[in-house]
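Counting convention: from 1, in listed order, for ligands and their atoms alike.
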Amino acid sequence: MKPPTIAFTMDQSPAADVRPFARGRDLYFINAAYVRYLEGADCLPLALPTLLDHSRIPALIAGIDGLLLTGGDDVYAGAYGEQVIPGQWRIDPPRTFFEIELVREALRQHKPLFGICRGCQMINVARGGSLWQDIASQVPGARQHRSPESPTLTYHPAAITAGSRLHAIIGRESLTVNSSHHQAIKTLASPLQITARAEDGIVEGIELPGEDFVLGVQWHPETMDEMGSSRALLEAFLASCREKSAER
Ligand code: MN
């Protein structure tokens with residue numbers, strides 16, 4: 001059987017980037033860890049940059065077997081009806097609106113959907129949910145979810161909801177996860193369900209109940225030291241994608 005084709009979304013570096021090769025140019029890019037993560041399994045990774053014209057999204061989704069929503073700059077708060085809190089963070093409105101349409105079309109076509117970090121948040125926003133724009137300033141008592149020194153230094157435990165798909169995949173009710181986010185899910189869109197939380201209550205995982213594989217994690221399996229759960233997540237996603245591939 002042909003390996004499933006997995007499209008992954010990308011980040012953008014605006015023309016203001018000071019690096020010589022990038023100066024004056026908008027660039028689309030992706031952390032190589034996502035590519036290595038997909039490359040380590042039996043699938044065909046396909047980079048999907050933000051498109052400003054959304055008219056081809058139905059055909060794009062029809063042409064793939066699964067969609068990986070990657071991490072990146074902040075989701076645009078206007079997409080869930082809030083004013084942006086000014087801060088030092090980069091926001092990507094074009095990507096936000098593009099990914100909202102990608103998620104909705106993937107749901108319409110019952111294509112497997114795997115969201116990592118920002119991607120987990122995007123699944124919620126596309127369904128009508130909202131986010132904490134900045135955990136540190138908006139959620140009193142929350143622990144640090146992003147290290148100022150390094151995006152991979154912070155780890156914390158996450159409690160996994162028994163009976164969830166996530167629980168079935170990982171096979172345990174507690175997991176130490178890495179943490180590199182300053183935003184998080186605030187109001188959850190129906191009918192999504194929360195599948196993991198940090199001890200401070202911050203949402204660390206969501207999924208859509210039912211047949212379709214629609215699952216998001218707030219951590220970064222592609223850069224986890226503890227790769228057993230990360231590998232299991234990717235393999236579960238790809239197993240659903242292979243079923244879709246067989247139907248095409
Ligand atoms: Mn976290």
Next on the checklist: Under a 3.5 Å threshold, yes or no: a donor from one side chain and an acceptor from the other, between Gln138 and Gln133?
Outcome noted: no
Checklist entry - Measuring to the Mn ion (ligand 1), does Ser179 have an N/O/S atom at a distance below 2.8 Å? => result yes
Next on the checklist: Of all the N, O or S atoms in Glu204, which has the shortest distance to the Mn ion (ligand 1)?
Outcome noted: OE2
Item to check | His181: its N/O/S atom lying closest to the Mn ion (ligand 1) (atom name) | outcome: NE2
Checklist entry - Any chance the side chains of His156 and Thr154 put a donor and an acceptor closer than 3.5 Å? => result no
Item to check | Of the N, O or S atoms in His145, the one nearest the Mn ion (ligand 1) | outcome: ND1
Checklist entry - Any side-chain donor paired with an acceptor under 3.5 Å for Asp134 and Gln183? => result no
Item to check | Ser130 versus Thr187, side-chain donor and acceptor atoms under 3.5 Å | outcome: yes
